[in-house]
Each structure stands twice: as C-alpha cells, then as structure tokens.
Amino acid sequence: MASLDIDEVRACFPSLESGYIYADNAGGSQTAQGVIDRIVDYLTNTNVQLGADYFVSVLSTKRVDEGPFAIAELFNAASIDEVVFGPSSTMMLENIARALENDIQPGDEFIITYEHEANNGPWKRLAERRNAMVKYWQPTPVSAENPYSVAYKVEELLQLVSSRTRLAAITACSNILGSLVPVEEAVKVLRQRAKEQGARKVEVCVDCVAHAPHRKMDVQQWDVDYCVFSLYKVYGAHNAAVYVRPAAMQTSLTSLAHNFLKVDDKPYKLQPGGPGYELVYGATAIVPYLKSLTPEDDLVASFNAIADHEQTLLAPLLNFLTDARQVDRGVRIVGTSEINLSRVPTVSFVVVGQNAIKSKDIVGAFDKKGGIGIRYGHFYAYSLIDNLRPKLDVNDGVVRISLVHYNTVEEVDKIVNVLREVLA
C-alpha cells in the first residue's frame, strides 16, 4: 500500500509555508493550491452570468457544469443530477427539511443524534411545524473509568425504531468524539427493523462533514437518501454539497425554486438561487488533488493512505493524554481512547477534578505561546456537551485538537510539548 509523501502533500497548501501549526482542521481545512488557482482563474476570466450564448458565458457555464461531476465522484453518486451545491451544510439541511415538509405526517418520528446542530435543528423545527416526534440516539460510555468515554452504539439506535419512524438523521463521524459510525451497518439494520415494525417510509440523512476529510464516502454502498459535507473541510473553499437519492428528489421533496422552473427531478429543486459559481469551479480541483496522493490515481487508495498516516498523528497525542500521570492530573478524553481506524485524529478532552483547568485557559496558553492553533467550546454539538455527566460547562466545552493528513508527527510533538507545560 502506498504511503503519503508528506513533503509533496504540504507543498500543495501555500498556507503551510509559514510554519504555523493548523490543528483546528475540524473547523475548516486549509485550501489546496489547485482550488485557489481555479477560483482566481474563474473570477479573472469567466466571471459572468451562466446560460448566455456569448463566448465567455458559454465557457463559464461549462466550467460550473464540471463541479457536480467532481462531487458525484466524492459521494460515489450515480449521477450528477443527485448533487446539489449550497453555501453551507447547515443551510443545505435546512433546505432539505423545508422541502420535505409536505411529505411529513403528524405523529411521524425522527431519530437524531447529539451531534452538530446542522443535522439536528432542521429536523426539530420540522417536527414542531408538522407535529412529528423527535427521538434521540444518545452516545453512552464505553469505559467505567471514564464517564466521558461516550460512543454511539448501533444496538441502541435500533431500540428507537418503530412503525412511525420516518427519518433517521445520523452522523458518519463525530466532530467532538472523533469516532466513526458504521453507516452501512447502521442503515442496513435500521431499515430491516423499520420494515419489521411496518414503517410506511423511512429515509436516512447522513452528516459527513467530519467524515469526508478522512474517509471515502459511498452513498450507494451505504443506501442513504441524503448526505451532506462541507468542501471547506475537504481542502476546498467555503461551500457545501449534498447528495439526494433520485426517488427522494422526485417523491419526497417539494421544490424551493421559482414556481415557473420545471426542476422536479433536478438539483435546482433545492437551490432557491444559483450556487457560488467560482466556488463550484474551484471544487473541481479537489478530486485531482486527492487522487495525486497515491500512484494508483484512485480515491480509495488515497483515503487509505490518508487514514494510515493519520494514525501516526493520533498515536502520540492520545498516548500522552491517556498516560497514567495525565489521568491522575484529571485529563479525560471525551470519546474513546483507542488508537485504531475506528476513529480519526480529532481529539477532545477536559481537565477535571481537584485541580481542574478550564478548556478556555488551556487554549489561552497555546494562544499566548503562539504558532499553534487549537480551539475550545461545544463546536455546535451543544446537546452532546450539555448531556455529558458529570456535567460540564457547555460554553467552556472541551479542548479540541483536530488534525488531517497534511499535519506531521513533528507538529504533534510540538503540541504535546505545550500540553506538557500547561498540565504540569
């Protein structure tokens, strides 16, 4: 199996030349040079309205039309007509919930998680509008020694399925816990249980925002109806994309577009206006960048290489934070502590006990020292932090260190050295 050439990887990101250590990547990755080049090229040479007959507009339209092909490949969607662009994952999921409104009946049940509010809030608001019910798939501890070692268990998801289940909105990877959810397994057993219970119609919406930078998505293999991710967390610019299964597009969703547009089976159905043209064109550089990471010129090979490299980043960080001295000090990982492919290098922790330290103060020490960017808070997974026990200050939240494949072991060592000073 090919391994990453980390020097070649880092050369693709101009922001890394400064030597600053970017360790808040779950909030947004750095942008690959190829994406920057295409955005600049578009704005410089083809920044006109689409659909006209004159030469520059024809070229502009052609460039924007290339975007869905790239994103379809990332999703492993069957058609570009299954790909919709928008400004953010939060907005795209709100649009889906709005478009779904006429297909929801009073008493229908939605299963949601304690994860990012982007995949929770729209369904809670929709349930309120349509007199539906919300059920929560809650993460529970996996270690008696650490009450914050929570994870999502598929068997606990199944307990929530009933004859009234209409939608399950789950995450593929937690942006706090860093743990991967086995989407294919969860969806398969969920659909089977719903069928046994006599549910009339069940759709699944997957939040892949924290998953897409680290692992390959596969909406066909997963058998999901909706899937969303943010391009600015996958080395692109600040926009998002959503996959919609054709059956859902045609029979579940009401158009949000202008009433005179005939778009019942087209992505524009979920686009009240056009996407950011230059950002869509910029997205066409993401797949070539990812494929360039391995000789196979293949996304699966590249994401396997990414996953392997990220384990080398995860190991020294988790080994330090779970060392007996740090545990005695009061350090508790929020999530699981295993160093394996069941999680990505997004690591959250708190310092509790007799000598507790506020998350804000730990991050403040990093800021004072300079050169390393990490963050604290609830990261919009408000319900997750608010429901942890023993109770945490939800606004102080957790310290989160989130790494991606362009980070290095040497950078992790520097982060650990600062942590060692702060926790001394």
Side-chain angles (χ1 to χ4, degrees), residues 12-15 28-96 98-99 212 227-246 249-250 253-292 297 299:
C12 295
F13 295 89
S15 60
S29 68
Q30 296 306 292
T31 306
Q33 183 66 61
V35 175
I36 297 169
D37 290 343
R38 294 191 189 194
I39 291 173
V40 172
D41 184 10
Y42 183 91
L43 291 174
T44 303
N45 299 303
T46 54
N47 190 31
V48 298
Q49 188 54 270
L50 309 184
D53 295 330
Y54 59 89
F55 171 74
V56 180
S57 180
V58 171
L59 179 56
S60 179
T61 303
K62 179 178 180 295
R63 287 180 159 190
V64 174
D65 285 348
E66 293 172 9
F69 287 95
I71 302 308
E73 189 169 1
L74 281 174
F75 277 131
N76 191 31
S79 166
I80 60 170
D81 287 337
E82 300 167 5
V83 174
V84 188
F85 282 93
S88 68
S89 293
T90 299
M91 181 61 75
M92 297 307 296
L93 289 166
E94 182 65 35
N95 284 350
I96 291 173
R98 288 285 177 179
C227 184
V228 66
F229 79 101
S230 298
L231 281 85
Y232 73 96
K233 299 185 181 184
V234 192
Y235 324 111
H238 210 289
N239 58 338
V242 64
Y243 159 83
V244 181
R245 191 198 294 267
M249 184 78 80
Q250 294 170 29
L253 305 178
T254 300
S255 176
L256 302 179
H258 300 307
N259 67 289
F260 52 83
L261 295 176
K262 306 303 181 185
V263 291
D264 281 348
D265 59 349
K266 298 298 182 184
Y268 209 88
K269 191 175 191 176
L270 287 173
Q271 290 178 183
Y277 301 147
E278 71 278 8
L279 304 183
V280 173
Y281 183 55
T284 64
I286 295 174
V287 169
Y289 163 70
L290 289 169
K291 287 184 174 181
S292 75
D297 191 39
L299 284 176

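The first residue of the sequence shown is numbered 1, and numbering continues consecutively from there.
- Minimum interatomic distance between Val83 and Pro68 (heavy atoms only, all atoms of both residues): CG2-O, 4.1 Å.
- Across every non-hydrogen atom of Gly86 and Met92, the tightest pair is CA-SD, 3.2 Å.
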Check the pair Gln33, Tyr289 against side chain to side chain donor-acceptor pair (under 3.5 Å), reporting the backbone distance first and the verdict last.
-> CA-CA 9 Å; Gln33 183 66 61; Tyr289 163 70; over 6 Å; no

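- Looking at heavy atoms from C-beta onward, Asp81 lies in side-chain contact with Lys266 at the 4.5 angstrom threshold.
- With sequence neighbours excluded, no residue satisfies side-chain hydrogen bond (donor to acceptor under 3.5 Å, both in side chains) with Ser292.
- Every residue meeting the side chain to side chain contact (heavy atoms under 4.5 Å, CB included) condition with Ser29, not counting sequence neighbours, appears here in chain and number order: Tyr235, Tyr406.
- Shortest non-hydrogen contact noted between Val56 and Asn45 is CG1-O, 3.7 Å.
- The closest side-chain heavy-atom distance from Pro14 to Ile36 is below 4.5 Å.
- Closest approach of Val228 to Ser89, counting heavy atoms only: CG2-OG, 3.5 Å.
- Looking at heavy atoms from C-beta onward, Glu82 lies in side-chain contact with Pro246 at the 4.5 angstrom threshold.
- Ser79 and Ala72 make their closest contact through O-CB, 4.3 Å (heavy atoms, listed as atom of the first residue, atom of the second, distance).
- The ring pair (Phe, Tyr, Trp, His ring centres under 6.0 Å) analysis of residues 52-79, with sequence neighbours excluded, yields the pairs Phe75-Phe229.
- Counting only distance, with no hydrogens or angles, the side chain of Lys269 and the backbone of Asp264 share a donor-acceptor pair below 3.5 Å.
- Minimum heavy-atom separation, Gly51 to Ser57: N-OG, 3.4 Å.
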Begin from the C-alpha positions of Met249 and Val84 and carry the test side-chain contact (heavy atoms from CB on, under 4.5 Å) through to its verdict.
-> CA-CA 11 Å; Met249 184 78 80; Val84 188; 4.3 Å; yes

Given Glu66 and Arg38, is the salt bridge (Lys or Arg N to Asp or Glu O under 4.0 Å) satisfied, shown in steps?
-> CA-CA 12 Å; Glu66 293 172 9; Arg38 294 191 189 194; 5.0 Å; no

Go through the steps to decide whether Leu279 and Ile39 satisfy the test side-chain contact (heavy atoms from CB on, under 4.5 Å), and finish with yes or no.
-> CA-CA 6 Å; Leu279 304 183; Ile39 291 173; 4.1 Å; yes

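- In terms of the salt bridge (Lys or Arg N to Asp or Glu O under 4.0 Å) criterion, residue partners of Asp41 (sequence neighbours excluded) are, by chain and number, Arg63.
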Applying side-chain contact (heavy atoms from CB on, under 4.5 Å), run through Phe85 and Ile71 and close with a yes or a no.
-> CA-CA 9 Å; Phe85 282 93; Ile71 302 308; 3.3 Å; yes

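- Residues Tyr42 and Ser60 bring a donor and an acceptor atom of their side chains to less than 3.5 Å of each other.
- Contact annotation: the side chain of Leu299 approaches that of Lys291 to within less than 4.5 Å [non-hydrogen atoms, C-beta and beyond].
- Applying the side chain to side chain contact (heavy atoms under 4.5 Å, CB included) test to Ile286 and every residue at least two apart in sequence or in another chain returns Val35, Leu74, Leu231, Val234, Ala283, Leu290.
- Considering CG of Asp65 and OG1 of Thr284, their distance stands at 11.5 Å, rounded to 0.5 Å.
- Here the CG-CG distance, from Leu93 to Leu270, works out to 10.5 Å after rounding to the nearest 0.5 Å.
- Looking at Thr61, its side chain never comes within 3.5 Å of a backbone N or O of Leu50 through a donor-acceptor pair.
- Evaluation of the side chain to side chain contact (heavy atoms under 4.5 Å, CB included) rule for Tyr268 yields Ala257, Leu261, Val263, Gln271 as partners, not counting sequence neighbours.
- Considering CD of Gln30 and SG of Cys12, their distance stands at 13.5 Å, rounded to 0.5 Å.
- Taken to the nearest 0.5 Å, the CG atom of Asn239 stands 13.5 Å off from the OH atom of Tyr277.
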